[in-house]
Amino acid sequence: MTTSPDLKSPTGCPVTGLAAGFDPFGAEYQAHPGVSMADARTEEPVFYSPELDYWVVTRYDDVKEIFKDTETFSASITLDQITPSTEETIGILIEHGFNPGLALVNEDGESHRERRKAHQGPFKGKEVEALLPRIQELVGSYVDTFVKKGRADLMADLFQEAPITIALIFMGIPDEDIAACRQFTLDQTVFMYGRPSPEEQKQVASNLGRYWEFTGELVEKIQQNADGPGWLPHLIRESQDKPGLFGENELQTTALAGLVAAHETTTNASGNAMRALLENPETWERVCADPALIPKAVEESLRYDGSVAAWRRLAVKETTVGGVTIPAGGKIMMITSSANHDEAVFEDPEVFDIDRDRPNRHMTFGFGAHACMGATLARQEMRIFIEELAKRLPHMRLVEDQEITYLPNTSFRGPLNLLVEWDPQLNPVPADRP
């Protein structure tokens with residue numbers, strides 16, 4: 001293993017060529033994070049990246065242990081920016097009063113446990129089940145708009161549209177605020193997990209600042225009538241019943257960060273799932289012929305190419321991960337996509353196999369105290385998407401020679417476009433034919 005003699009880790013060890021060359025914004029990582037880390041999993045499963053100033057962890061067991069050990073590894077940096085803001089960008093945010101606080105995902109300890117418990121009501125199985133008829137109706141209506149055309153962009157025409165509406169329904173946000181909310185999710189992903197240029201930072205910061213002001217108004221609006229269904233009304237009622245549990249800032253931060261959690265990850269996961277299915281036509285044919293296979297297809301797609309590629313933690317004390325010493329204050333990037341492709345856990349991990357034994361061991365939804373509360377809703381949405389497309393467009397195929405690209409960032413992953421085509425005269429549902 002070669003080293004870069006001029007580069008040292010914070011513990012004084014030489015940085016290897018593999019570590020020095022790690023670039024999560026580069027073409028290889030963006031093409032598929034899990035696959036790109038295969039050499040690291042074998043040669044250097046834990047390494048220090050001088051480019052990011054993060055310790056990078058690639059193996060399944062190490063990632064799982066970090067998720068489990070909340071005493072040693074703090075979630076406090078989860079929402080920190082990968083690329084630091086310029087002074088001008090910080091000034092723009094200050095002008096808008098941008099000051100998000102804790103949002104469960106970056107909270108630790110007893111306060112996290114108490115607030116997480118208070119959040120859970122809308123995420124319970126029976127609450128999600130009650131939403132399913134409306135979700136099915138909504139997804140069907142979006143498919144109606146393109147089923148007779150013979151060509152569609154599944155991202156623009158379905159996956160970027162339906163989940164945002166579902167998320168807003170789930171959160172209890174009024175319908176008229178959809179457009180502003182959707183643009184924000186893209187801005188936040190770039191701002192926190194991407195590498196925007198100084199000019200891009202200014203534009204994104206301006207948009208985020210305006211959205212922060214908007215979320216404050218949104219919380220005030222819902223507080224006027226918090227009796228309805230939805231995540232935010234539920235939290236407002238909890239804050240009224242338990243004074244001090246949620247302040248105005250926490251409610252506003254939930255409106256800010258919660259939308260990405262409730263929408264963007266499902267959008268991306270659905271796009272990744274349909275790409276994997278259509279790139280494996282024999283599997284797609286099986287799923288279309290037997291809808292009972294769809295839950296297995298959902299789970300395998302979450303492992304094979306999940307919408308969350310990485311999570312971050314802060315070592316609060318000196319510790320050892322995979323035999324490597326990480327100092328107190330060391331920032332850690334867990335490549336969950338790499339964990340999902342760990343050969344020690346998943347046989348032939350680069351194969352998309354819906355018959356795989358226990359694919360739900362994947363780390364896409366995290367693990368332990370910070371496991372994704374919305375996992376049940378996400379799985380159900382993905383199931384309904386695949387079910388509707390399998391029923392109405394089983395002859396659909398990917399447009400040949402298209403370039404499938406991703407928004408460059410370290411952590412969230414989904415195709416920007418996914419072009420498909422079919423012969424509408426062959427649509428199996430007579431009403432769907434031109």
Side-chain angles (χ1 to χ4, degrees), residues 1 18-19 22 24 28-49 54-70 72-73 75 78 265 268-269 272-273 275-277 279-280 283 293-313 315 319-324 326 332-372 374-376 378-379 382 410-414:
M1 186 180 299
L18 183 152
F22 174 65
E28 188 178 4
Y29 183 93
Q30 292 299 314
H32 198 305
V35 174
S36 74
M37 304 306 293
D39 288 345
R41 286 194 299 274
T42 302
E43 299 174 17
E44 196 176 6
V46 180
F47 62 86
Y48 175 73
S49 167
Y54 272 81
W55 297 85
V56 180
V57 179
T58 64
R59 284 184 180 169
Y60 183 94
D61 287 345
D62 293 332
V63 169
K64 187 174 181 179
E65 188 58 35
I66 292 171
F67 273 129
K68 285 168 59 178
D69 186 356
T70 58
T72 303
F73 303 101
T78 299
T265 51
N268 291 335
N272 293 338
R275 179 183 182 181
L277 285 165
E279 286 183 337
N280 293 271
T283 301
L293 295 174
I294 292 176
K296 296 173 69 175
V298 167
E299 219 57 54
E300 172 65 352
S301 70
L302 288 167
R303 181 206 68 84
Y304 179 75
D305 195 6
S307 57
V308 180
W311 277 116
R312 291 177 288 162
R313 291 293 185 266
T319 187
T320 301
V321 177
V324 175
I326 296 178
I332 297 167
M333 179 177 290
M334 302 174 287
I335 311 296
T336 49
S337 180
S338 178
N340 292 342
H341 283 255
D342 190 335
E343 298 81 356
V345 178
F346 301 101
E347 186 177 356
D348 297 323
E350 316 311 344
V351 176
F352 182 73
D353 179 8
I354 66 171
D355 297 314
R356 184 178 299 280
D357 181 44
R358 294 177 60 207
N360 63 352
R361 289 177 291 172
H362 62 74
M363 291 287 124
T364 299
F365 289 134
F367 185 83
H370 282 88
C372 176
T376 298
R379 287 182 168 106
M382 292 174 69
T410 60
S411 302
F412 292 104
R413 172 177 173 78

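Just the heavy atoms: all of them, side chains too, but no hydrogens, waters or symmetry mates, feed the values below.
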Pairwise side-chain contact, Asn268 with Arg413, heavy-atom cut-off 4.5 Å (strictly under): no
Under 3.5 Å side-chain donor-acceptor pair for Thr364 and Asn340: yes
From CD (Glu43) to CE (Met37), nearest 0.5 Å: 11.0 Å
NE2 on His370 to OG1 on Thr70, rounded to 0.5 Å: 8.0 Å
Closest approach of Gly34 to Ser337 (non-hydrogen atoms, all atoms of both residues): N-OG, 2.9 Å
Over all atoms of both residues, closest heavy-atom pair of Thr336 and Trp311: CG2-CD1, 4.1 Å
For the student: nearest non-hydrogen atoms of Ala75 and Thr78, plus distance: O-OG1, 2.7 Å
Any side-chain heavy-atom pair of Ile66 and Val321 under 4.5 Å: yes
Chi angles and distances behind the side chain to side chain contact (heavy atoms under 4.5 Å, CB included) call for Tyr304, His341: CA-CA 7 Å; Tyr304 179 75; His341 283 255; 4.3 Å; yes
Check ion pair Arg356-Glu299 (N to O, under 4.0 angstrom): no
Minimum side-chain heavy-atom gap Thr320-Ile326 below 4.5 Å: no
Exercise: identify the closest heavy-atom pair between Phe352 and Ala276: CE1-CB, 3.7 Å
Residues which pass salt bridge (Lys or Arg N to Asp or Glu O under 4.0 Å) with Arg41, listed by chain and number, not counting sequence neighbours: Glu343, Glu350
All ring-ring contact (aromatic ring centres under 6.0 Å, His included) counterparts of Phe47, not counting sequence neighbours: Phe22
Side chains of Tyr48 and Tyr54 in contact at under 4.5 Å (non-hydrogen atoms): no
Close side-chain approach of Arg303 to Pro349, heavy-atom, < 4.5 Å: yes
Contact summary for Gly306 and Asn272, nearest pair of heavy atoms: O-ND2, 3.4 Å
With sequence neighbours excluded, residues passing ring-ring contact (aromatic ring centres under 6.0 Å, His included) with Phe73: none
Pairwise side-chain contact, Val308 with Phe365, heavy-atom cut-off 4.5 Å (strictly under): no
Salt bridge (Lys or Arg N to Asp or Glu O under 4.0 Å) against Lys296, all qualifying residues, sequence neighbours excluded: Asp355
Set of residues satisfying salt bridge (Lys or Arg N to Asp or Glu O under 4.0 Å) with respect to Glu28, sequence neighbours excluded: none
Candidate pair Asp69 and Thr72, rule side-chain hydrogen bond (donor to acceptor under 3.5 Å, both in side chains), full reasoning: CA-CA 6 Å; Asp69 186 356; Thr72 303; 2.8 Å; yes
Contact summary for Met334 and Val63, nearest pair of heavy atoms: SD-O, 3.9 Å
Ala273 backbone acceptor or donor facing Ser301 side chain under 3.5 Å: no
Sub-4.5 Å side-chain heavy-atom contact between Met333 and Trp55: no
Spacing of CG belonging to Leu302 relative to CG belonging to Asn360, to within rounding of 0.5 Å: 10.0 Å
Derivation of the side chain to side chain contact (heavy atoms under 4.5 Å, CB included) call for Thr58 and Val46: CA-CA 6 Å; Thr58 64; Val46 180; over 6 Å; no
Flag, side chain of Asp342 to backbone of Tyr60, donor-acceptor distance under 3.5 Å: yes
Contacts of type salt bridge (Lys or Arg N to Asp or Glu O under 4.0 Å), residue Arg313, not counting sequence neighbours: none
